[in-house]
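Owing to the predicted nature of the structure, the values given are computational and were not obtained by experimental measurement.
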Amino acid sequence: MIWLEKALNRINGLHFRQEYLCLGEELYQPLQCWLLLNYRPAVNITNRHSFLGYCPLIISIPSEMVAGHEEIQIAYTLNDLNPNGNFSKKDAIAWIVLRRIAEPPLDPSPLVALFKGIKGQHRFISGFSQKVISLQNRLFNHKNGNVFLHDDLYRQVQIAYSIPRNISLITIEQDGLYNLFPTDLHGLQDDNFYCISLRHAGKACNQVMSRRRIILSQMEPKFYKTVYTLGKNHMQEPKSAACFPFSGTVSEKFKLPLPVGAVSYFELELAGGFNHGIHRLMFFRQLNIKSLQPNGPVLTHIHNAFATWRHNNRLPGNYLLR
């Protein structure tokens, strides 16, 4: 079957080999996210939503923006839309339909509403290329330990990752031992709460729930290879501090070690959470936020499908290839 996989790779329309591409700087002409209510543009939410899950797709949005709405749409565009104006699918490069899910079981509760993806469509690559990728997905992604995303869900994930998603590192300490692992499913919810989503079956998730106090560090882009290699730690037990790339600097309140390359960090204390799909959505109180390199770039990544669209439209991208 190796020959078939190679043949499909040659005709799937993707320009880059890697599925996710890290960015060395902010994108030139990035996409914008527009909240649609009843298929009419309401507000630009590019910097006012959090991507919290991929199975199912989970997105949080400030509650006041979606009051009274059980179903919403998000359009991904290069240009501004006219609030309350008409919307046509030709105005967007991608769009997702989402439906409201349970509110966080906290009191007080974060001032956000949670939605899961129902359907997604995009024009990042041709319809033929999307069919080839769908075939590759069905043939080669049913692997042990791999979360299989069916055709429409995989399109939703490709769309969600057209917005650069920040990859941060989580530090936990347990009885003098440590773990350090990356996450890109997280975000500030309001002035009090931060949300991080981890696979509820993973060891890292159990460690966070047990310890409750963590450091979330935003990273310099040049440390992208180090960050990616730490992904295996989601399924590892805590180890000696010497096993990790810690800098020798500790956080202000918890006195936990910070990773080499940290640009800023949050000191967070778990308030509660719940499972949805494969994810555990954990809501933390922010106890401290510290900037180490003001205005410095932070590590993010995007999906290959969107990077290919940018390449085909001659839009630059300072991609960091592993």
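Panel note: side chain N137, backbone L149; a donor-acceptor pair is recorded below 3.5 Å. At least one donor-acceptor pair under 3.5 Å links the side chain of R100 to the backbone N or O of V66. Between the side chain of N304 and the main chain of F16, a donor-acceptor pair closer than 3.5 Å is present. For the pair N38 (side chain) and R40 (backbone), a donor-acceptor distance under 3.5 Å is absent. Within the 3.5 Å criterion, the main-chain N or O of L14 finds a donor-acceptor partner in the side chain of N12. In this structure, R199 contributes its side chain and A204 its backbone to no donor-acceptor pair below 3.5 Å. Checking side-chain atoms of S251 against main-chain N and O of L256 turns up a donor-acceptor pair under 3.5 Å. Here the side chain of N179 pairs a donor or acceptor atom with the backbone of N233 at under 3.5 angstrom.
Checked options F284, F266, Y265; the residue passing with Y194 is F266 (criterion: ring pair (Phe, Tyr, Trp, His ring centres under 6.0 Å)). Partner Y161 forms a ring pair (Phe, Tyr, Trp, His ring centres under 6.0 Å) with one of F306, Y20, F124 and no other, that one being Y20.
Rounding to the nearest 0.5 Å gives a distance of 7.5 Å between CG of L287 and CG of L268. In this structure, the separation between CG on L57 and CD1 on I96 is 5.0 Å, given to the nearest 0.5 Å. In this structure, CD in E25 is found 10.0 Å from OG1 in T300, a value given to the nearest 0.5 Å. Once rounded to the nearest 0.5 Å, the distance linking CD1 of I74 with CG of L36 reads 8.5 Å. Between the CG atom of L135 and the CD1 atom of I133 there is a distance of 11.0 Å, given to the nearest 0.5 Å. Here CD of Q156 is found 11.0 Å from CD1 of I58. Values are rounded to the nearest 0.5 Å.
For the pair T171 and F244, the minimum side-chain heavy-atom distance is 4.5 Å or more. Side chains of F283 and F274 form a contact here, defined as non-hydrogen atoms less than 4.5 Å apart. You'll find the side chain of S240 stays beyond 4.5 Å of the side chain of Y178, heavy atoms only. Side-chain contact between I172 and V208 is present, with at least one heavy-atom pair separated by less than 4.5 Å. With a 4.5 Å cut-off on side-chain heavy atoms, C205 and M282 count as touching. Using a 4.5 Å cut-off on side-chain heavy atoms (C-beta onward), H234 and P182 make contact. Counting heavy atoms from C-beta on, the side chains of Y54 and I278 come closer than 4.5 Å. At a threshold of 4.5 Å between non-hydrogen side-chain atoms, the residues Q236 and K203 do not count as touching.
Side-chain contact, H311 with Y319: no donor N or O sits under 3.5 Å from an acceptor N or O. Judged by distance alone, the side chains of D151 and Q130 never bring a donor and an acceptor atom under 3.5 Å apart. Side chain to side chain, Q207 and Q174 fail the donor-acceptor criterion of an N or O pair below 3.5 Å. Under 3.5 Å, the side chains of S264 and Q218 contain a donor-acceptor pair of N or O atoms. Neither side chain, E103 nor S109, offers a donor N or O lying under 3.5 Å from an acceptor on the other.
Within 6.0 Å of CZ on R322 lie more than 12 heavy atoms contributed by other residues, nucleotides or ligands. Open room surrounds CD on E26; 12 or fewer heavy atoms of other groups in view lie less than 6.0 Å from it.
Between Y154 and H303, a ring centre-to-centre spacing shorter than 6.0 Å is recorded.
Both L27 and Y76 sit in one connected hydrophobic cluster of ILVMFWY residues. Membership requires side-chain heavy atoms under 4.5 Å apart, directly or through other members.
Classification of E269 and R285 as a salt-bridged pair fails, no side-chain N sitting under 4.0 Å from a carboxylate O. Between E173 and R211 there is a salt bridge, since a side-chain N of the basic residue sits under 4.0 Å from a carboxylate O of the acidic one. Taking 4.0 Å as the cut-off between side-chain N and carboxylate O, E71 and K119 do not count as a salt-bridged pair.
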Verdict with reasoning, T308 to N312, per side chain to side chain donor-acceptor pair (under 3.5 Å): CA-CA 6 Å; T308 295; N312 292 340; 5.9 Å; no
In sequence, state the C-alpha distance, the side-chain angles, and the governing distance for D191 and Q286, and then conclude on side chain to side chain donor-acceptor pair (under 3.5 Å). CA-CA 8 Å; D191 291 340; Q286 304 172 69; over 6 Å; no
